[in-house]
Amino acid sequence: MKAPQAFHDFTLQFHQDLDLVYPDWASDAPTARHEIYKSFRRQYGDQAVRDLNAFTARLLSDEQTNLESFWFRESRSDWVISNDGIRRLLKDFQTWASSL
């Protein structure tokens with residue numbers, strides 16, 4: 001499965017902004033990552049959010065997908081996140097995107 005440009009853009013921004021701009025990103029608070037998503041939307045636009053949301057839905061539709069392997073191969077981020085962490089991040093993004 002080939003990742004869309006929006007996935008590459010999101011993971012690059014995620015990596016660049018993570019600890020410097022959003023130090024509480026890993027918090028369990030329901031809105032902890034929303035500023036990251038809003039920043040992505042401001043920089044890349046609504047279409048990128050829709051593209052990433054659609055792609056995320058495809059990735060998450062199969063519980064057996066090895067997201068960790070996919071993240072390392074396709075991501076522009078060198079941030080190490082476990083399979084469960086990636087799934088949590090993508091589901092969180094979907095929830096946020098569906099509220100737009």
Side-chain angles (χ1 to χ4, degrees):
M1 175 180 336
K2 183 167 173 26
Q5 185 63 41
F7 179 78
H8 295 289
D9 294 340
F10 176 76
T11 58
L12 177 63
Q13 181 177 344
F14 180 76
H15 174 68
Q16 290 173 340
D17 292 351
L18 199 57
D19 284 324
L20 295 175
V21 181
Y22 309 108
D24 295 329
W25 75 273
S27 158
D28 286 334
T31 61
R33 288 154 298 283
H34 286 194
E35 288 304 315
I36 295 172
Y37 309 150
K38 289 176 189 176
S39 177
F40 174 72
R41 182 182 184 198
R42 279 191 303 274
Q43 186 166 352
Y44 296 101
D46 289 337
Q47 186 60 50
V49 170
R50 287 190 293 273
D51 291 348
L52 181 57
N53 194 37
F55 180 67
T56 295
R58 285 192 357 231
L59 278 178
L60 296 176
S61 67
D62 181 1
E63 290 291 322
Q64 302 305 313
T65 298
N66 183 340
L67 296 175
E68 196 171 337
S69 169
F70 185 82
W71 181 270
F72 293 135
R73 185 179 69 244
E74 295 292 331
S75 173
R76 287 189 176 176
S77 171
D78 62 0
W79 191 263
V80 176
I81 303 176
S82 70
N83 199 57
D84 289 340
I86 295 167
R87 188 167 298 280
R88 179 177 165 217
L89 173 69
L90 296 178
K91 284 182 178 181
D92 188 57
F93 177 82
Q94 278 189 307
T95 301
W96 173 82
S98 69
S99 71
L100 298 178

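These figures come from a predicted structure and were not determined experimentally.
Shown here are the ring pair (Phe, Tyr, Trp, His ring centres under 6.0 Å) partners of Tyr44, two or more places apart in sequence or in another chain: Phe40. For the salt bridge (charged side-chain N to carboxylate O under 4.0 Å, His left out) test, residues two or more places apart in sequence or in another chain that qualify with Asp46 are Arg41. In this structure Asp92 satisfies the salt bridge (charged side-chain N to carboxylate O under 4.0 Å, His left out) test together with Arg33, sequence neighbours excluded.
Contact check for Lys38 versus Leu100: no side-chain heavy atoms found under the 4.5 Å cut-off.
Among all heavy-atom pairs drawn from Ala3 and Phe70, the shortest one is CB-CZ, 3.9 Å. When all heavy atoms of Val49 and Ala97 are compared, the closest pair comes out as CG1-CB, 4.0 Å. Here the closest non-hydrogen pair linking Ala6 and Asp51 is CB-CB, 4.0 Å. Residues Phe93 and Asn53 approach most closely at CE2-N, 3.8 Å, considering heavy atoms. Heavy-atom minimum distance, Leu67 versus Ile86: O-CD1, 3.5 Å.
Between Lys91 and Asp84 no salt bridge is recorded (no basic side-chain N to carboxylate O distance below 4.0 Å).
Note: Leu90 CG to Thr95 OG1 = 11.0 Å, rounded to the nearest 0.5 Å. We find the CZ-OG1 distance between Phe7 and Thr11 to be 5.0 Å, quoted to the nearest 0.5 Å. Atoms CD and CH2, from Glu35 and Trp96 in turn, are 10.0 Å apart once rounded to the nearest 0.5 Å. Taking CD of Gln94 as the reference point, atom OG1 of Thr56 lies at 5.5 Å (rounded to 0.5 Å).
Ring-plane geometry between Phe10 and Tyr37 is classed as tilted, the angle between the planes lying from 30 to 60 degrees on a 0 to 90 degree scale.
A donor-acceptor pair shorter than 3.5 Å cannot be found between the side chains of Asp9 and Gln13.
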